[in-house]
Amino acid sequence: MSEKAFLPDVYIFNASNDVALAVNSPSFTPPAILKKLEDDLAVIPMLFARAGDIVVVEQIPDDDYIAYVKDLGFNIPTFICKKDFFNNSYFNHNSFNTIKPWGWSLSIHRQFKDVKTRTTDSFKKSVNASYDPILRELSGRKTANNVLQGILAHEFPFCVGFTSLPVEVDDINDVDRLFAKWTRVVVKEPWSSSGRGVYILTGSSIDSYARKNIESAIKKQGYVMVEPWFNRIVDLSFLYSISPDGVNFLGESVFLTKNGGQYEGSYIHYNKIDKDTSLFLSSVLSSDFINVLAEGLRSVGFSRYYEGWIGVDAMIVNSNGLMLLHPCLEVNCRYTMGHVAYVLKCRVDPSVTVVLKVGSLDEYRLARAGKVCLKSFNGLINQGVGAITPVNDTTRFVCWVEVL
């Protein structure tokens with residue numbers, strides 16, 4: 001019997017997925033800045049792909065870039081321009097295994113509507129093959145709050161207490177009331193990511209800019225979540241994969257944020273975290289917490305309505321001199337940059353501290369100044385700074401690896 005023919009998986013980097021969930025329209029168009037981010041970083045799914053899989057991009061990378069990432073040891077998928085891939089004459093003459101966008105939304109389902117007819121029966125029978133509005137609710141902060149409550153009910157001694165629970169609010173006056181109660185609060189839109197849609201309120205009153213945005217979010221999305229501010233020590237994410245076989249822990253990812261909470265980068269190896277924090281994190285990972293969190297994701301419905309990778313953002317905080325874990329800030333029902341850092345671990349020397357970063361072209365150039373280009377030894381990256389996305393005359397955003 002002949003071997004079964006290889007069918008490629010299809011990847012696309014729709015980083016605006018959380019905004020698409022908020023808008024909840026099949027005809028969603030990303031804001032210009034997010035569209036440019038998606039276009040510039042479109043090759044990122046190659047890190048998850050096999051040789052022969054398809055990554056849909058805005059522009060095909062040039063030969064120099066392909067040679068560069070080959071030298072770094074990465075698999076090279078088939079890159080296809082969006083305008084060519086979504087042309088009926090292309091996908092009508094090809095078959096695919098599965099479709100793997102960065103995240104699922106009503107708009108991405110519409111975009112791949114005809115492509116899905118060319119996938120395997122296995123994919124067509126999967127929960128990802130058709131849109132269910134429940135997935136949008138699962139991706140919102142209300143669900144994350146339900147997961148948090150379930151974890152706190154186990155009374156882990158290293159976790160924050162029930163007084164830390166966010167409050168669902170659909171009236172700006174209730175935001176004022178909670179602000180007066182806690183004096184320093186964080187207000188979060190239900191569907192947002194990477195620190196966007198998050199407002200840190202301090203001082204004696206809510207400034208007019210934040211108030212306007214919060215009122216707009218309540219009007220458009222129905223509610224916001226308000227929670228007390230924490231003295232953050234470390235941001236991290238717990239990474240899982242969800243399949244019909246269950247919810248499986250992949251690993252943890254420690255990441256960096258800017259002062260406003262926006263995502264800046266992820267440690268691939270985090271040897272520079274101080275000893276006390278490292279020991280604390282080790283104790284969390286060696287406890288039953290990881291299984292409890294997995295059960296929480298399963299119990300709220302993720303395993304019934306989603307297959308793929310998922311990330312739970314958390315943080316280690318200083319609470320009145322005690323180091324504690326806030327175990328669930330949000331649930332990212334999609335790939336995350338933490339997952340990208342996770343798959344890069346096997347390509348990086350574990351003896352060095354390495355950061356995966358996303359930023360502007362100017363920020364990348366600043367990081368590159370005076371540094372050698374990314375280098376590897378025995379197949380493992382061990383020094384230098386280098387982009388893992390193409391850099392050309394039209395580039396505005398870059399994803400790069402930096403050995404500290």
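Given the structure is predicted, the values throughout are model-derived calculations rather than measurements. Just so you know, these numbers use all the heavy atoms, side chains as well, and skip hydrogens, waters and symmetry mates.
Looking at L297 and V312, their side chains come closer than 4.5 Å, going by heavy atoms from C-beta outward. At least one side-chain heavy atom of V401 sits less than 4.5 Å from a side-chain heavy atom of V354. Between I388 and W400, the closest side-chain pair of non-hydrogen atoms is not below 4.5 Å. Contact annotation: the side chain of P61 approaches that of V43 to within less than 4.5 Å [non-hydrogen atoms, C-beta and beyond]. A heavy-atom distance below 4.5 Å is found between the side chains of K36 and D40. Residues C399 and T389 are in side-chain contact: their nearest non-hydrogen atoms beyond the backbone lie under 4.5 Å apart. Proximity of V352 to H269: side-chain heavy atoms (C-beta onward) are nowhere separated by under 4.5 Å. The shortest side-chain heavy-atom distance between L325 and F280 falls under the 4.5 Å cut-off.
Among the candidates F13, W309, Y240, the single residue satisfying the ring-ring contact (aromatic ring centres under 6.0 Å, His included) test with Y335 is W309. F96 pairs with exactly one of F123, F85, F112 by the ring-ring contact (aromatic ring centres under 6.0 Å, His included) rule, that one being F85. Between H326 and the choices L152, I151, L148, the side-chain contact (heavy atoms from CB on, under 4.5 Å) rule is met once, by L148.
The pair E330-R141 meets the salt-bridge criterion, with a side-chain N (NZ, NE, NH1 or NH2) lying under 4.0 Å from an Asp/Glu carboxylate O. Under 4.0 Å is where a charged nitrogen must lie from a carboxylate oxygen, and between D121 and K125 no such pair does. Using a 4.0 Å cut-off between charged side-chain N and carboxylate O, D39 and K35 make a salt bridge. With respect to the salt-bridge test (charged N to carboxylate O, under 4.0 angstrom), the residues E363 and R396 do not qualify. A salt bridge between R50 and D53 is present, with a side-chain N of the basic residue lying under 4.0 Å from a carboxylate O of the acidic one.
Side-chain contact annotation: D362 with S360, donor-acceptor N/O pair under 3.5 Å absent. The closest side-chain donor-acceptor pair between E252 and Y342, if any, does not fall under 3.5 angstrom. A side-chain N or O of S105 and one of S107 form a donor-acceptor pair less than 3.5 Å apart. Side-chain contact check for N392 and T394: at least one donor-acceptor pair (N or O, by modelled atom type) lies under 3.5 Å. A side-chain donor-acceptor contact under 3.5 Å links D235 and T257. Counted by atom type alone, T143 and N146 present zero donor-acceptor pairs between their side chains at under 3.5 Å.
Within the model, atoms CE of M337 and CG of L256 stand 12.0 Å from one another, a figure rounded to the nearest 0.5 Å. From F74, atom CZ reaches atom CE of M46 across 5.5 Å, with rounding to the nearest 0.5 Å. Distance CG/N24 to CD/Q221: 10.0 Å, rounded to 0.5 Å. Atom CG of N213 is separated from atom CD1 of I218 by 11.5 Å, given to the nearest 0.5 angstrom. Interatomic distance, CD1 of I310 versus NE2 of H339, reported as 8.0 Å (0.5 Å rounding). Remark: H109 NE2 to K116 NZ distance equals 5.0 Å, nearest 0.5 Å.
Two rings, from Y267 and F255, have their centers 6.0 Å or more apart. You'll find the ring centres of W102 and Y11 outside the 6.0 Å limit.
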| task | Show your reasoning for whether side-chain hydrogen bond (donor to acceptor under 3.5 Å, both in side chains) applies to S27 and S25. | result | CA-CA 5 Å; S27 57; S25 168; 3.1 Å; yes
| said: Let's go through N145 and M225 carefully: what are the C-alpha distance in whole Å and the side-chain angles of both, what is the deciding distance for side chain to side chain contact (heavy atoms under 4.5 Å, CB included) to 0.1 Å, and is it a yes or a no? | reply: CA-CA 9 Å; N145 200 26; M225 302 300 290; 3.6 Å; yes
| task | Kindly determine whether S351 and D349 satisfy side-chain hydrogen bond (donor to acceptor under 3.5 Å, both in side chains), including the steps that lead there. | result | CA-CA 5 Å; S351 69; D349 186 336; 2.8 Å; yes
| said: Does I12 form a side chain to side chain contact (heavy atoms under 4.5 Å, CB included) with Q111? I'd like the steps, not just the answer. | reply: CA-CA 11 Å; I12 189 167; Q111 189 174 12; 4.3 Å; yes
| task | Check the pair D114, T117 against side-chain hydrogen bond (donor to acceptor under 3.5 Å, both in side chains), reporting the backbone distance first and the verdict last. | result | CA-CA 6 Å; D114 294 330; T117 65; 5.8 Å; no
| task | Tell me, with the steps shown, if Y364 and F397 meet ring pair (Phe, Tyr, Trp, His ring centres under 6.0 Å). | result | CA-CA 9 Å; Y364 169 64; F397 297 100; over 10 Å; no
| message | R334 vs T336, test: side chain to side chain contact (heavy atoms under 4.5 Å, CB included). Steps then yes/no. | response | CA-CA 6 Å; R334 52 175 172 77; T336 69; 3.7 Å; yes
| After noting the C-alpha distance and the side-chain angles of D288 and N291, does the key distance pass the side-chain hydrogen bond (donor to acceptor under 3.5 Å, both in side chains) rule? | CA-CA 6 Å; D288 196 41; N291 294 327; 3.1 Å; yes
| said: Pair R211, D207 - check salt bridge (charged side-chain N to carboxylate O under 4.0 Å, His left out), show working. | reply: CA-CA 6 Å; R211 180 177 292 275; D207 67 72; over 6 Å; no
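Under the 3.5 Å distance criterion, the side-chain polar atoms of E38 are matched with a main-chain donor or acceptor of A15. In this structure, R368 contributes its side chain and K371 its backbone to a donor-acceptor pair below 3.5 Å. In terms of modelled atom types and a separation under 3.5 Å, the side chain of R232 and the main chain of V317 share no donor-acceptor contact. Not one N or O on the side chain of N14 forms a donor-acceptor pair closer than 3.5 Å with the backbone of S16. Formation of a donor-acceptor pair under 3.5 Å by the N75 side chain with backbone atoms of A51 is not found in this model. Side-chain N or O atoms of D132 include one that pairs as donor or acceptor with a backbone N or O of I134 at under 3.5 Å. Judged purely by atom type and a 3.5 angstrom limit, S286 uses its side chain to pair as donor or acceptor with the backbone of S282.
Within a 6.0 Å radius of CD1 in I33, no more than 12 heavy atoms belonging to other residues, nucleotides or ligands are found. The neighbour count for K212 NZ, taken as heavy atoms of other residues, nucleotides or ligands under 6.0 Å away, does not exceed 12. When the shell of 6.0 Å around NZ of K70 is examined, it contains 12 or fewer heavy atoms from other residues, nucleotides or ligands.
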Only distances under 3.5 Å count here; give the side-chain donor-acceptor pairs of residues 155-169 to other protein atoms, sequence neighbours excluded, each with its distance to 0.1 Å.
| unit_1 | atom_1 | unit_2 | atom_2 | d |
| --- | --- | --- | --- | --- |
| S164 | OG | G161 | O | 3.2 |
| E168 | OE2 | K142 | NZ | 3.4 |

Donor-acceptor contacts, no H, no angles, side chain residues 378-385, under 3.5 Å, sequence neighbours left out:
none

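Judged by a 6.0 Å distance limit and a 45° cone about the ring axis, R136 is positioned over the six-membered ring of W191.
Here the shortest heavy-atom pairing between V19 and P31 reads CG1-CD, 4.5 Å. Across Y68 and C373, no two heavy atoms sit closer than the pair CE1-SG, 4.4 Å.
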